[in-house]
Amino acid sequence: MHTVAVLALDQVIPFDLAAPIDTFGWARLPDGRPAYRTRVCSVAADAEVSAGAFTLRAPYGLEALADADTIVLPGVADPSAALPPGVAEALRAAAANGTRIASICVGAFVLAATGLLDGLSATTHWVAAGELAARHPAVTVDPNVLYVDNGQFLTSAGASAALDMCLHMIRKDHGSAVAAHAARMSVMPLEREGGQAQFIVHTQPPVPAGTAMEPLLDWLEENADRELTLEDIAVHAGMSTRTLNRRFREQTGTTPLQWLHRARVRRAQYLLETTTYPVERIASQAGFGSPTAFRDRFKRVVGTSPYAYRRAFRGVEEPAVRGSRGRAGRARSGRGRQGESHTEPLVQGFGGHGATVGLRDLFDDREPETGPGKGAGGR
């Protein structure tokens, strides 16, 4: 039987720990037998592990990693913390023996600290992507996808993306029928539309109050529904297009048209979330020249289609009894192939339950650059 070892380090994030245990636990072979044996491990057998609102005792120590076919690394509340003695060595030894290793959310920091992700693509919770890239420059970090499969090493985005990655591994191990059953029992689609990009809050670059560009930015926001050209914006600003571009970039870090596109996408997201207007009307009210131009730009920035975005997020204002149109929707960001990649809302802290998060202060005001979902081998 395939053995999955879930490594619970101190301050483990409860959801990250439970998700693989439950998802692999639902998997059944055609004859009804369990497809996986799951073991919870820590630095030492019977070690007490803090999990925010509660503590747990892991029945197995690091020695169990050597016998595992798959190792799962949940995130911890402070992803910047140094690895406990022996953890990196045990993971490298398991990797040398061909063991598959997968990280969940900021568990990517644990995996990256071993050096096993060097030269590979990876993902993590989008809020932590910039910090992961800064700490581990040898790793190519993609904040837009749900998970990245490099073959032996996999990484997932935050929270519910763990389910997507686990279902993906079940499908690789035992086929679509077994994975589909596990997905149904987990009340999850086997594949979801879009990657992390649809959950990222697309704010504009901050501009200090009182700067020369502030009145122009207010005017752009108010007139985003108009068909504006760079020349139109320059005329309103009272300067040449060349000067406008230079000063705009100096103060905002982007160009006037890029800023305008983001403002229009934000307006479209709001309308998709709060109205039942058809796409054609939203395209017009958000300032896009045509529904086709709207769909293309929306997909490029958000990583999914307007229809899929509405299906995923419109449900938050609907009655509590919902069918299959729950918030997650369906998502797909590079499926079932090696070197591919596959989102969730901004979390208050990685530890949950009011836990203090070591990197949270660094992350709160940081928004990653976004683009179309894409596979690591190129959501």
### Query
Is there side-chain contact between V12 and L7, with heavy atoms separated by less than 4.5 Å?
no

### Query
Are the side chain of T243 and the backbone N or O of M239 linked by a donor-acceptor pair below 3.5 Å?
no

### Query
Between A68 and A5, which heavy-atom pair has the shortest distance, and what is it?
CB-CB, 3.7 Å

### Task
Report yes or no: is the cationic atom of R281 (NZ for Lys, CZ for Arg) under 6.0 Å from the centre of the six-membered ring of Y277, at an angle within 45° of the ring normal?
yes

### Query
So do the side chains of S121 and V148 get within less than 4.5 Å of each other, counting heavy atoms only?
yes

### Query
Can any side-chain N or O of R28 pair as donor or acceptor with the backbone N or O of G25 at less than 3.5 Å?
yes

### R300 side-chain N/O to R295 backbone N/O, donor-acceptor pair under 3.5 Å
no

### Message
Name the residue from R37, R100, H2 that meets the side chain to side chain contact (heavy atoms under 4.5 Å, CB included) definition with D69.
### Response
H2

### Task
Decide side chain to side chain contact (heavy atoms under 4.5 Å, CB included) for N223 and L228; before the verdict, give the C-alpha distance in whole Å, the side-chain angles of both, and the deciding distance to 0.1 Å.
CA-CA 8 Å; N223 293 275; L228 296 174; 4.3 Å; yes

#### Entry: Side-chain touch V40/I21, heavy atoms, less than 4.5 angstrom
yes

### Query
Would you call H261 and V301 a side-chain contact if the rule is heavy atoms closer than 4.5 Å?
no

### Query
Does A8 offer a backbone N or O that forms a donor-acceptor pair with the side chain of S42 under 3.5 Å?
yes

### Message
Between W219 and H236 (judged by ring centroids, cut-off 6.0 Å), do the two rings come close enough to count as a pair?
### Response
yes

#### Entry: Any L9 side-chain heavy atom under 4.5 Å of P84 side chain
yes

### Option among L111, I104, D149 that satisfies the side chain to side chain contact (heavy atoms under 4.5 Å, CB included) test with L154
D149

### Task
Look at the side chain of T99 and the backbone N and O of A95, then say whether any donor-acceptor pair between them is shorter than 3.5 Å.
no

#### Entry: Aromatic centroids of H174 and Y36 separated by under 6.0 Å
yes

### Message
If you define the side chain from C-beta out and look only at heavy atoms, does anything of F54 sit under 4.5 Å from P14?
### Response
yes

### Task
Would you please say whether a donor-acceptor pair under 3.5 Å links the side chains of S80 and D78?
yes

### Message
When you group the ILVMFWY residues by side-chain heavy-atom contacts below 4.5 Å and let the links chain together, are L167 and W26 in the same group?
### Response
no

### Task
Just do the salt bridge (Lys or Arg N to Asp or Glu O under 4.0 Å) check on E221 and R262 with the steps written out, would you?
CA-CA 10 Å; E221 193 80 44; R262 284 292 180 88; over 6 Å; no

### Donor-acceptor pair, side chain of T155 and main chain of T123, under 3.5 angstrom
yes

### Message
Treating R267 as the side-chain partner and A286 as the backbone partner, does any N or O pair qualify as donor plus acceptor under 3.5 Å?
### Response
no

### Message
So I71 and V6, do their side chains get closer than 4.5 Å, heavy atoms only?
### Response
no

### Query
Does a side-chain heavy-atom distance below 4.5 Å link P256 with N245?
yes

